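Fair warning: this is a prediction, and the values are worked out from it, not measured in the lab. All heavy atoms count here, side chains included; hydrogens, waters and symmetry mates do not.
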Amino acid sequence: MAGTTSQPTQPTARTRSWWGWGWADAHPDDAECTAMGALLPGTLSRPLPVPRVRDLAVAAPAVEPPRSLAHLVGADPADRAAHSMGKAYRDVVRALRGRPGRIPDLVARPTDDQGVADLLDWAGERQVAVVPYGGGSSVTGGVEYRGDAHRAVMSLDLTAMGRVLEVDTEGRAARIQAGTLGPSLEDQLRPHGLTLRHFPQSFEFSTLGGWLATRAGGHYATGRTHIDDFVQSLRVVTPAGISDSWRLPASGAGPSPDRMFLGSEGALGVITEAWVRLQERPRHKASAAVAFTDFRSALRAVRALAQSDLSPANCRLLDSGEAALSGAAHDGSSVLVLGFESADEPVTARLERAVALARSHGGRYDGSGGDSGVGGSKGSPEASPDGDAAVSAWRSAFLRMPYLRDGLARMGAVAETFETAATWDRIPDLIDEVRREVGEAAVKATGFPATVNCRLTHVYPDGAAPYFTVLAAGRAGDEVAVWDDLKAVASEVLHRHRATITHHHAVGRDHRPGYDRQRPEPFALALRAAKGALDPRGILNPGVLVD
């Protein structure tokens with residue numbers, strides 16, 4: 001066992017956007033925003049200005065921390081504003097309109113478990129709501145406070161706890177602090193020749209603790225699709241004490257304590273550490289894009305791939321609208337993006353078998369997706385080289401899309417996504433009905449037609465995860481209400497088909513109505529009891545999962 005302690009990557013000189021996605025210098029400029037808006041009927045003639053923190057009415061904190069905790073807590077207005085919400089479309093629009101919601105009174109940055117415990121003790125005594133915060137990339141209202149039931153609000157930022165503490169090279173596992181951001185995590189594992197290989201789209205701006213607390217989906221389209229699959233044990237600080245599960249390869253000893261905290265979104269406790277399973281960095285990669293004239297034929301091809309033994313790392317099906325939006329195809333075709341990787345053997349043969357299977361369902365493939373034979377990529381899996389132009393176009397669009405969404409929001413447009421999962425027998429009709437009913441709701445709400453595209457992001461032998469993109473006109477000053485109406489319509493379709501309210505974006509506050517309908521009532525009863533036992537004063541992320 002290698003007991004070395006790695007140091008986190010030094011902070012970058014770039015500035016995070018307080019109001020929108022990612023880096024402040026990566027957003028579209030006014031000219032690009034205007035050009036995008038011109039392609040969507042019903043948008044503004046010029047973009048809304050980029051919001052400034054100094055224009056917000058940031059009230060003085062309602063509480064002050066005790067002297068013993070003052071070194072962990074700050075009240076800088078800009079820092080508080082940046083911690084007031086996540087990065088969903090409705091968050092971006094509220095910031096653009098100068099209405100970010102309840103700004104936390106304090107931002108705390110503990111450096112160890114004792115600091116977390118001390119902050120929770122003080123907050124409980126003073127009835128201060130505590131909202132755990134990682135990278136702030138939530139798109140479901142998971143890191144903001146709503147309501148007025150608490151005296152004050154404290155955002156508990158875990159990013160000062162950002163180290164890989166221990167690496168077991170024999171067992172290919174590591175003990176990692178929850179506040180470790182994706183790039184820093186991979187940088188600290190790289191000298192050991194290992195990788196977690198969990199790459200959500202938010203990878204650059206999210207933390208291990210955030211992935212665990214939201215049961216985040218990652219890089220793999222088949223097999224190990226969720227962070228759950230990599231967890232050996234968790235360490236969680238709760239107001240009732242510390243839960244520290246044993247590190248085990250597997251166990252049948254009753255209900256899993258880790259499963260209780262995975263997906264708990266900070267409502268039951270604060271995840272501070274985890275032992276996670278690692279793997280060798282991939283050295284062989286190959287990818288290809290297969291086009292389909294008929295979307296339902298493409299669905300059948302993807303189902304066959306998911307039920308085969310090929311286990312592609314990437315198996316994303318883009319409908320014709322999504323393919324055009326990403327630049328993967330402009331002839332009305334749907335496009336299946338395939339990718340394979342391995343640490344120890346070439347993957348060309350597996351790719352060829354997958355392409356042949358797709359062709360047997362009507363797919364067209366004319367490219368060359370040979371094994372790249374490269375070492376493990378730094379950062380996101382989308383950085384790996386390949387020779388397929390359609391795959392490269394999709395990859396670039398995938399990484400750029402959140403910034404373009406914010407540019408469209410500046411033009412008063414509705415530009416957002418939502419995802420779900422359902423069994424194969426429901427998938428075709430589910431997709432058709434979401435497209436139709438959300439499109440009809442958009443025309444009713446705005447008077448203009450909308451674009452509703454779909455892609456499959458993760459696939460399983462028994463079902464798939466459709467991911468929808470909605471582009472529509474807004475109503476000036478009322479864009480959030482338009483999106484809420486469209487999301488409500490979509491949620492009804494999902495409920496009708498018994499499709500989950502979320503596959504990998506968590507529940508937060510935005511998905512609470514759908515989650516309350518999805519979960520069995522006896523489970524809700526047990527969850528409320530767990531909340532009462534672990535958080536008796538009700539300070540942890542109020543409004544998430546349970547009341």
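Residues passing the salt bridge (charged side-chain N to carboxylate O under 4.0 Å, His left out) test with E265: none are found, sequence neighbours excluded. Contacts of H361 classified as ring pair (Phe, Tyr, Trp, His ring centres under 6.0 Å), with partners at least two apart in sequence or in another chain: none. Take T293 and apply the side chain to side chain contact (heavy atoms under 4.5 Å, CB included) test, not counting sequence neighbours, and it matches R364. By the side chain to side chain contact (heavy atoms under 4.5 Å, CB included) test, A298 pairs with F292, L317, sequence neighbours left out. Residues satisfying the ring pair (Phe, Tyr, Trp, His ring centres under 6.0 Å) criterion with F261, sequence neighbours excluded, are absent altogether. A search for side chain to side chain contact (heavy atoms under 4.5 Å, CB included) contacts involving A499 returns T420, A422, L430, L494, not counting sequence neighbours. Evaluation of the side chain to side chain contact (heavy atoms under 4.5 Å, CB included) rule for A413 yields L40, T43, L408 as partners, not counting sequence neighbours. A search for salt bridge (charged side-chain N to carboxylate O under 4.0 Å, His left out) contacts involving E492 returns R517, not counting sequence neighbours. Remark: H198 pairs with W211 by the ring pair (Phe, Tyr, Trp, His ring centres under 6.0 Å) rule, at least two apart or across chains.
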**Prompt:** Going through the checks in order, is the side-chain hydrogen bond (donor to acceptor under 3.5 Å, both in side chains) test met by Y133 and S138?
**Reply:** CA-CA 9 Å; Y133 188 99; S138 170; over 6 Å; no

**Message:** Run E419 and H458 through side-chain hydrogen bond (donor to acceptor under 3.5 Å, both in side chains) and show every step you take.
**Reply:** CA-CA 10 Å; E419 34 72 56; H458 302 77; over 6 Å; no

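Looking at T502, its side chain does come within 3.5 Å of a backbone N or O of H505 through a donor-acceptor pair. Remark: the backbone N or O of D319 is not paired with any side-chain donor or acceptor of R455 at under 3.5 angstrom.
Atom CD1 of I431 is separated from atom SG of C454 by 4.0 Å, given to the nearest 0.5 angstrom. Interatomic distance, R80 CZ to S155 OG, rounded to the nearest 0.5 Å: 11.0 Å.
In this structure, P47 and T34 approach most closely via the heavy-atom pair CD-OG1, 3.4 Å. Nearest heavy atom pair, residue A95 against residue W18, reads CB-CH2, 4.1 Å. Nearest heavy atoms, T159 versus G134: CG2-O, 3.4 Å.
Using a cutoff of 4.0 Å between basic side-chain nitrogens and carboxylate oxygens, R259 and D228 are scored as salt-bridged. A salt bridge links D547 with R512: at least one charged nitrogen is closer than 4.0 Å to a carboxylate oxygen.
Pairs passing the ring pair (Phe, Tyr, Trp, His ring centres under 6.0 Å) check and including a residue from residues 412-451, sequence neighbours excluded, read F418-F468. Pairs engaging residues 21-33 under the salt bridge (charged side-chain N to carboxylate O under 4.0 Å, His left out) rule: R14-D25, D30-R410, E32-R400 [sequence neighbours left out].
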Expected list for residues 140-148: side-chain donor-acceptor pairs under 3.5 angstrom, two or more places apart:
residue : atom : partner : partner atom : Å
E144    : OE1  : R94     : NH1          : 3.3
E144    : OE1  : R146    : NE           : 3.1
E144    : OE2  : R94     : NH2          : 2.8
E144    : OE2  : R146    : NH2          : 3.4
Y145    : OH   : A149    : N            : 3.1
Y145    : OH   : H150    : N            : 3.0
Y145    : OH   : H150    : ND1          : 2.9
R146    : NH1  : D510    : OD1          : 3.3
R146    : NH2  : D510    : OD1          : 2.7

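Separation of the Y403 and W23 ring centroids does not fall under the 6.0 Å cut-off.
The 12-atom threshold is not exceeded at CZ of R498, counting heavy atoms of other residues, nucleotides or ligands nearer than 6.0 Å.
The cationic group of R519 does not satisfy the cation-pi geometry with F523, failing either the under 6.0 Å distance to the six-membered ring centre or the 45° limit from the ring axis.
With a 4.5 Å cut-off on side-chain heavy atoms, P513 and S491 do not count as touching.
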